[in-house]
S.K.: 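Below you will find the structure I want to go over with you.
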Amino acid sequence: MGDTSVVVQSQVQDDEAKIEESSQNGTDQSKAPSFVQYKWWIQMVIYSTFVLSGQAIGTLFGRLYFDKGGNSKWLATLVQNIGFPILIPFLLITSTKTNHEVITEIQKPSFYIVASLYTLLGLFLAGNCMLYTIGLQYLPVTTYSLICASQLGFNALFSFFLNKQKITPYIVNSLVILTISSSLLVLQNDNSEDQSNKKSRKKYIIGFLSTVAASAGYALMLSITQLALQKIFKRESFRLILEMSIYQSLVATLAILVGFFASGEWKTMDKEMDEYKLGKVRYVLNLIGTAISWQVFSVGSIGLIFKVSSLFSNVISILGLPIAPVLAVIFLHDKLTGVKVMSMLLAIWGFVSYIYQHYLDDLKDKAAKNVQVVELSESLSLKEVKHVI
């Protein structure tokens, strides 16, 4: 009995030393998550900035193209995707820094699966860009941008079925408010003087329906992208973000080029450039700026899907909706009616509601992790003592 008590006492002392050591390690490790979280927020800010700036500038350039004499739908759609070569140098740089990722990969997806995925996403992207182009051509920037708010509702629906996204009361509140925000635009009258013009009204309806359809298609594409990242690639790296942006843009560019040459619009490019109100140089600069802006948006959007979810990526995109209308009022002298202002405020309200839900989820995750750490340390110490006794 005496020997046993000595053994138990020594074991308890060893356990206390281990617990003390684990607590010290825990304090050291607690610093690591703070650094990881700090790095995570930096990446979030960078990707969000890419989305907001790329979307606002690209939308304004696209509207300016049509306002100043541009008429080619295929060309306006092409420049939304053809800027992918600017990402290739970054792909070459990251390949030298991430060679260890290739070694640590357990299993790569097959070439046929990846090729099929990029082909599907590229064709989706080409179709969505054409629908967005039609909407942007026939609608004012304010109306066009705010109709895009409907894509959050579509994204939530697809995310629920494809990505198992939780639908909480705050998210439902966000979706309802954003839907109302978009629906208000159907009731407003853009230019009462043109109501007698049936052709203008018809174009408005076509632009409205095209933008709604594009929003639904884009939302589905985001959910498919998130599903592919979870089920096919199963890894996270900046190189993969670039690869997805480049390859799907390449497929979209090839598909749009077919339509561009088949439609015969390429024959009128010289005439369109000569008749452009701002001159040939600004015509070319507009196309280049549009191409770069949408590639920046693409990288930011895929990056946010990596870090959080497709739904969050869409929320950040919708947060940028008021930016384009405000810039359009300042630089393009677009009209900002009372209905559009109300729609903007509702869109911001819906965004805040979603962000609050994300904040609550973050708090719950932190609390759950802390409880798991405490329970694990207690269970390990009890098991060791029982084993000795």
Side-chain angles (χ1 to χ4, degrees), residues 54-84 121-151 154 182 185 190 199-200 202-222 248-269 272-273 276 283-298 301 317 320-321 324-325 327-328 332 334:
Q55 177 180 250
I57 297 173
T59 301
L60 284 181
F61 276 140
R63 182 66 254 177
L64 187 65
Y65 167 78
F66 289 116
D67 284 347
K68 300 305 178 181
N71 295 307
S72 175
K73 295 185 182 68
W74 285 105
L75 180 61
T77 305
L78 180 63
V79 295
Q80 297 178 40
N81 299 280
I82 202 171
F84 68 89
L121 292 177
L123 294 177
F124 250 113
L125 184 61
N128 286 334
C129 288
M130 173 54 75
L131 291 173
Y132 277 130
T133 298
I134 296 173
L136 191 60
Q137 183 180 16
Y138 292 156
L139 298 175
V141 174
T142 49
T143 305
Y144 164 83
S145 298
L146 294 169
I147 291 175
C148 291
S150 63
Q151 71 189 32
F154 292 116
S182 179
L185 300 172
D190 286 331
K199 186 176 181 181
S200 282
K202 182 179 179 181
K203 287 183 177 180
Y204 181 88
I205 294 174
I206 293 174
F208 181 88
L209 295 177
S210 298
T211 307
V212 172
S215 299
Y218 179 71
L220 179 60
M221 191 178 74
L222 289 181
Q248 69 183 21
S249 295
L250 173 61
V251 174
T253 298
L254 295 176
I256 295 169
L257 280 174
V258 173
F260 180 62
F261 286 104
S263 65
E265 289 187 358
W266 62 276
K267 299 178 182 178
T268 63
M269 283 191 62
E272 183 177 281
M273 186 182 300
Y276 195 68
Y283 177 85
V284 175
L285 291 177
N286 180 293
L287 298 180
I288 294 175
T290 304
I292 295 175
S293 298
W294 286 116
Q295 287 305 311
V296 171
F297 171 83
S298 177
S301 179
S317 176
L321 292 181
L327 294 178
L332 303 182
D334 201 356

S.K.: Could you give the side-chain donor-acceptor pairs of residues 250-257 under 3.5 Å, partners two or more places apart or in another chain?
M.R.:
| unit_1 | atom_1 | unit_2 | atom_2 | d |
| --- | --- | --- | --- | --- |
| Thr253 | OG1 | Asn81 | O | 3.4 |
| Thr253 | OG1 | Ser249 | O | 2.7 |

S.K.: Looking at CZ of Phe66 and CG of Leu139, how far apart are the two atoms once the value is rounded to the nearest 0.5 Å?
M.R.: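 One gets 11.5 Å once the value is rounded to the nearest 0.5 Å.
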S.K.: Is there a donor-acceptor pair closer than 3.5 Å between any side-chain N or O of Thr268 and the backbone N or O of Glu265?
M.R.: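 Here the side-chain-to-backbone pair exists.
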S.K.: Considering non-hydrogen atoms only, spot the tightest contact between Gln295 and Gln80 and give its length.
M.R.: NE2-O, 3.9 Å
S.K.: Say you draw a straight line from CG of Leu64 to CD1 of Ile57; how long is it, rounded to the nearest 0.5 Å?
M.R.: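 Here the rounded value is 13.0 Å.
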S.K.: On a heavy-atom basis, which atom in Tyr65 and which in Ala76 lie closest, and how many Å separate them?
M.R.: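 Smallest heavy-atom distance, with atoms named: CE2-CB, 4.0 Å.
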S.K.: Quick check: does any side chain N or O of Thr59 sit under 3.5 Å from a backbone N or O of Gln55, one acting as donor and the other as acceptor?
M.R.: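 Yes, because the side chain of Thr59 sits within donor-acceptor range (under 3.5 Å) of the backbone of Gln55.
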S.K.: Can you tell me how far apart CD (Gln137) and CG (Asn71) are? Round to the nearest 0.5 Å.
M.R.: 7.0 Å
S.K.: Identify the heavy atoms of Met269 and Leu75 that sit nearest to each other, and give their distance.
M.R.: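 Result for this residue pair: CE-CD2, 4.2 Å.
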S.K.: Which heavy atom of Tyr218 sits nearest to which heavy atom of Ser301, and what is that distance?
M.R.: OH-OG, 3.0 Å
S.K.: So, do Ser263 and Lys73 sit near enough that their side-chain heavy atoms are less than 4.5 Å apart?
M.R.: no
S.K.: Could you measure the distance from the CH2 atom of Trp294 to the CG atom of Leu125? Nearest 0.5 Å is fine.
M.R.: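 CG of Leu125 is found 10.5 Å from CH2 of Trp294.
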S.K.: For Leu131, give me all partners under side-chain contact (heavy atoms from CB on, under 4.5 Å), at least two apart in sequence or on another chain.
M.R.: Ser210, Ala213, Ala214
S.K.: What is the distance from atom CG of Leu136 to atom OG1 of Thr211, rounded to the nearest 0.5 Å?
M.R.: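 Taking CG in Leu136 and OG1 in Thr211, the distance rounds to 8.0 Å.
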S.K.: On a heavy-atom basis, which atom in Thr77 and which in Ala126 lie closest, and how many Å separate them?
M.R.: CG2-O, 4.1 Å
S.K.: If you compare all heavy atoms of Phe260 against all heavy atoms of Ser72, which two are closest, and at what distance to 0.1 Å?
M.R.: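 Between these two residues, the closest heavy atoms are CE1-OG, 3.9 Å.
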S.K.: Could you pull out every donor-acceptor pair under 3.5 Å between side chains of residues 283-290 and any protein atom, sequence neighbours left out?
M.R.:
| unit_1 | atom_1 | unit_2 | atom_2 | d |
| --- | --- | --- | --- | --- |
| Tyr283 | OH | Glu272 | OE2 | 2.6 |
| Asn286 | ND2 | Phe61 | O | 3.2 |
| Thr290 | OG1 | Asn286 | O | 2.7 |

S.K.: Enter the distance from Trp74:CH2 to Thr133:OG1 here, rounded to the nearest 0.5 Å.
M.R.: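 Result: 9.5 Å between the selected atoms.
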